[in-house]
Amino acid sequence: MNLRFLKAEYRQRLGYHVALLGGVALLTSAAIGVADHLTRADIAQRQLEDLQITLQQVVPAQYYDNDLVRDTVTVDYGGRPLVVYRARRGGQVQAVCYQVSAPGYGNTAMVIAVGIDRAGTLLGARVIGHNETPGLGDKIELSKSDWILSFTGRSLNDPQPDKWAVKKDGGVFDQFTGATITPRAVVKAVKAGLEFFAAHRALLLDEAAPSPVAGQPAIDRGNSL
């Protein structure tokens with residue numbers, strides 16, 4: 001058989017396989033893209049539902065008649081933007097909710113949602129994300145213990161600032177047997193959340209005009225319904 005013919009046939013076969021693989025890759029990529037497009041809306045809806053559930057846990061229904069998810073203001077918090085959700089009744093902000101964080105196990109931050117009324121009193125706190133040790137640090141979850149409920153009704157003056165600590169450190173909050181670091185970090189984060197409210201109270205309650213944040217063009221007031 002002619003050598004030139006064999007080479008041409010080989011190249012044709014090679015080209016065919018390359019084209020086939022390319023076609024399969026293209027179809028796979030297209031399928032993934034279509035699946036992503038079709039599921040994106042569902043994922044966004046699930047995230048919205050999760051957010052609504054979180055807000056409802058720390059802000060009782062009697063505090064608002066608006067859509068908390070859409071009534072927000074964004075404020076600088078330690079160099080990062082913090083979204084604050086506002087609960088209004090009759091047009092007046094009655095409470096706010098936002099997330100604070102605390103260092104957790106394995107360099108994974110604990111995320112805590114806090115709800116605070118106009119007077120600066122905690123309506124509730126919930127740990128909504130963490131990687132703490134099962135059976136020890138995970139007692140910060142309401143499903144594992146009622147420890148997190150000890151923050152409800154507290155404020156910066158109840159207890160006094162120097163008592164915002166676990167009992168081992170001279171404070172009023174219980175620690176867990178064999179796990180002091182986790183509750184200590186949560187107490188500190190919740191107190192920081194109250195201090196943030198006190199520092200920005202007028203803005204969060206929609207009673208003051210926003211002022212630009214250093215390094216940012218302005219505070220985003222979001223939607224007010």
Side-chain angles (χ1 to χ4, degrees), residues 39-102 109-130 140-143 146 148-158 186 189-225:
T39 59
R40 191 174 301 166
D42 289 338
I43 293 173
Q45 181 62 32
R46 297 292 87 75
Q47 291 174 335
L48 177 61
E49 292 172 356
D50 289 344
L51 175 59
Q52 290 172 330
I53 291 172
T54 297
L55 295 177
Q56 291 166 3
Q57 289 186 71
V58 296
V59 180
Q62 64 265 30
Y63 282 83
Y64 60 95
D65 54 19
N66 66 322
D67 185 351
L68 274 71
V69 174
R70 297 181 60 191
D71 192 341
T72 65
V73 60
T74 303
V75 185
D76 178 79
Y77 180 54
R80 66 178 179 84
L82 177 64
V83 178
V84 178
Y85 301 90
R86 297 177 293 191
R88 295 177 190 266
R89 178 165 286 280
Q92 184 182 55
V93 179
Q94 301 297 330
V96 296
C97 172
Y98 45 89
Q99 297 177 5
V100 294
S101 62
M110 293 180 283
V111 181
I112 306 150
V114 294
I116 303 172
D117 70 8
R118 293 180 58 83
T121 301
L122 277 162
L123 298 173
R126 294 292 186 277
V127 177
I128 58 177
H130 74 87
I140 54 178
E141 292 180 35
L142 183 58
S143 61
D146 61 359
I148 197 71
L149 298 180
S150 63
F151 292 104
T152 303
R154 300 290 191 173
S155 67
L156 284 179
N157 294 318
D158 178 21
V186 173
V190 173
K191 181 185 178 186
L194 286 170
E195 291 171 338
F196 172 82
F197 176 83
H200 301 280
R201 183 181 183 279
L203 175 61
L204 301 186
L205 298 182
D206 206 16
E207 296 177 347
S211 58
V213 178
Q216 298 182 9
I219 294 176
D220 180 7
R221 295 178 67 84
N223 298 310
S224 296
L225 303 181

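In this text the structure is predicted, and so the values were computed from the model without any measurement. All heavy atoms count here, side chains included; hydrogens, waters and symmetry mates do not.
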Q.
Side chains of R126 and L142, heavy atoms from C-beta outward: is any pair under 4.5 Å?
A. yes
Q: Check ring pair (Phe, Tyr, Trp, His ring centres under 6.0 Å) between Y63 and all other residues, then give those that pass, not counting sequence neighbours.
A: none
Q | Atom pair OG1 (T152) and CG (L123), whose distance is rounded to the nearest 0.5 Å | A | 8.0 Å
(Q) Nearest 0.5 angstrom please: N66 CG to Y85 OH, how far? (A) 13.0 Å
(Q) Does any part of the side chain of Y77, heavy atoms only, come nearer than 4.5 Å to the side chain of V100, both counted from C-beta? (A) yes
Q. Taking all atoms of both residues into account, what is the closest heavy-atom pair of L68 and Y64, and its distance?
A. CD1-CD1, 2.8 Å
Q. Looking only at heavy atoms, which two atoms of V93 and V96 are closest? And how far apart?
A. CG1-CG1, 4.1 Å
Q: Identify the two heavy atoms, one from D76 and one from F196, that lie closest to each other, and give their separation to 0.1 Å.
A: O-CE1, 4.0 Å
Q) With a 4.5 Å limit on heavy-atom distance, are the side chains of T72 and Y98 in contact? A) no
(Q) Using side-chain heavy atoms (C-beta onward) and a distance below 4.5 Å, is V186 in contact with I148? (A) yes
(Q) Please check this pair: side chain of D206 against backbone of G91, looking for a donor-acceptor N/O pair closer than 3.5 Å. (A) no
Q | Between CD1 on residue I128 and CD on residue Q99, distance to nearest 0.5 Å | A | 3.5 Å
Q: Nearest 0.5 Å please: distance from the CZ atom of R154 over to the NZ atom of K191.
A: 13.5 Å
Q | Minimal non-hydrogen separation, A198 against L156, with atom names | A | CB-CD1, 4.0 Å
**Q.** Nearest atoms (heavy-atom pairs only) where I112 meets A189
**A.** CD1-CB, 3.8 Å
Q: Please name the pair of heavy atoms, one in L55 and one in C97, separated by the smallest distance, quoted to 0.1 Å.
A: CD2-SG, 3.3 Å
Q. Which residue, L204, V59, L194, forms the side chain to side chain contact (heavy atoms under 4.5 Å, CB included) with I116?
A. L194
Q: For R89, enumerate each residue passing the side chain to side chain contact (heavy atoms under 4.5 Å, CB included) test, keeping only those at least two apart in sequence or located in another chain.
A: D65, Q94
